[in-house]
Amino acid sequence: MDIENKARIHWACRRGMRELDISIMPFFEYEYDDLTTHDKQVFVRLLECADPDLFNWLMNHGRPDDDELFRMIKLIQEKNKNRGPVEI
């Protein structure tokens with residue numbers, strides 16, 4: 001997926017699982033534009049992972065083997081925590 005195709009990335013952020021939508025959508029909306037090109041690529045790779053894996057990682061029930069994906073999970077958690085609760 002092209003990191004500059006924001007409409008497609010936005011669509012990929014919509015997971016259909018409330019817990020994932022609450023974590024991923026706000027991060028995309030508020031943080032994506034400020035990410036480095038490398039981090040945008042890592043974020044897009046993360047979106048290609050299966051929902052059960054994303055859910056487990058974002059809820060701190062395990063971690064991806066890929067250190068870059070793990071770093072992105074931690075960044076999403078940190079930015080969302082600093083921003084506060086979000087309603088979807």
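Note that the structure is a prediction, hence the values are computed from the model and not measured. Reckoned from all heavy atoms, side chains included, excluding hydrogens, waters and symmetry mates.
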Which atoms form the tightest heavy-atom contact between [X] and [Y], and what is the distance?
X	Y	answer
Leu47	Ala12	CD1-CB, 4.0 Å
Asp21	Arg15	OD1-N, 2.8 Å
Pro64	Trp57	N-NE1, 3.3 Å
Leu75	Leu35	CD2-CD2, 3.9 Å
Phe28	Lys6	CZ-O, 3.6 Å
Asp2	Ile9	O-CD1, 3.6 Å

Geometric cation-pi criterion, Lys40 with Tyr32: 6.0 Å, 45° |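 So Lys40 does make the cation-pi contact.
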Nearest-0.5 Å distance, [atom1] of residue [X] to [atom2] of residue [Y]:
X	Y	atom1	atom2	result
Cys49	Asp66	SG	CG	8.0 Å
Lys81	Glu78	NZ	CD	9.0 Å
Leu46	Leu58	CG	CG	7.0 Å

I'd like to check the side-chain contact (heavy atoms from CB on, under 4.5 Å) partners of [X]; sequence neighbours left out, ordered by chain and number.
X	answer
Arg8	Met1, Asn5
Phe55	Met17, Glu19, Leu20, Met59
Arg63	Asp67, Phe70

For Asp33, does the CG atom have more than 12 heavy-atom neighbours from other residues, nucleotides or ligands under 6.0 Å away?
->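 Count over threshold, so yes.
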Neighbour count above 12 (heavy atom, 6.0 Å) for Arg14 CZ |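 No, CZ of Arg14 has 12 or fewer neighbouring heavy atoms, counting only those of other groups under 6.0 Å.
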May I ask you to say whether Arg45 pairs ionically with Glu48, meaning some side-chain N is under 4.0 Å from a carboxylate O?
->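 The answer is no: the pair does not qualify as a salt bridge.
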May I ask you to test the Ile76-Phe43 pair for a side-chain heavy-atom distance under 4.5 Å?
->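 Touching, per the 4.5 Å side-chain cut-off.
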Given side chain to side chain contact (heavy atoms under 4.5 Å, CB included), test Gln41 with Thr36 step by step and report yes or no.
-> CA-CA 9 Å; Gln41 292 167 339; Thr36 65; over 6 Å; no
Does any donor atom in the side chain of Glu31 or Asn80 lie under 3.5 Å from an acceptor atom in the other side chain?
->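 Looking only at side-chain atoms, Asn80 and Glu31 do not form any donor-acceptor pair under 3.5 Å.
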Determine, stepwise, if the pair His38 / Glu68 fulfils side chain to side chain contact (heavy atoms under 4.5 Å, CB included).
-> CA-CA 10 Å; His38 177 73; Glu68 288 291 303; 2.7 Å; yes
Evaluate the criterion side chain to side chain contact (heavy atoms under 4.5 Å, CB included) for residue pair Ile24 and Leu54; output intermediate values, then yes/no.
-> CA-CA 10 Å; Ile24 295 172; Leu54 285 175; 4.1 Å; yes
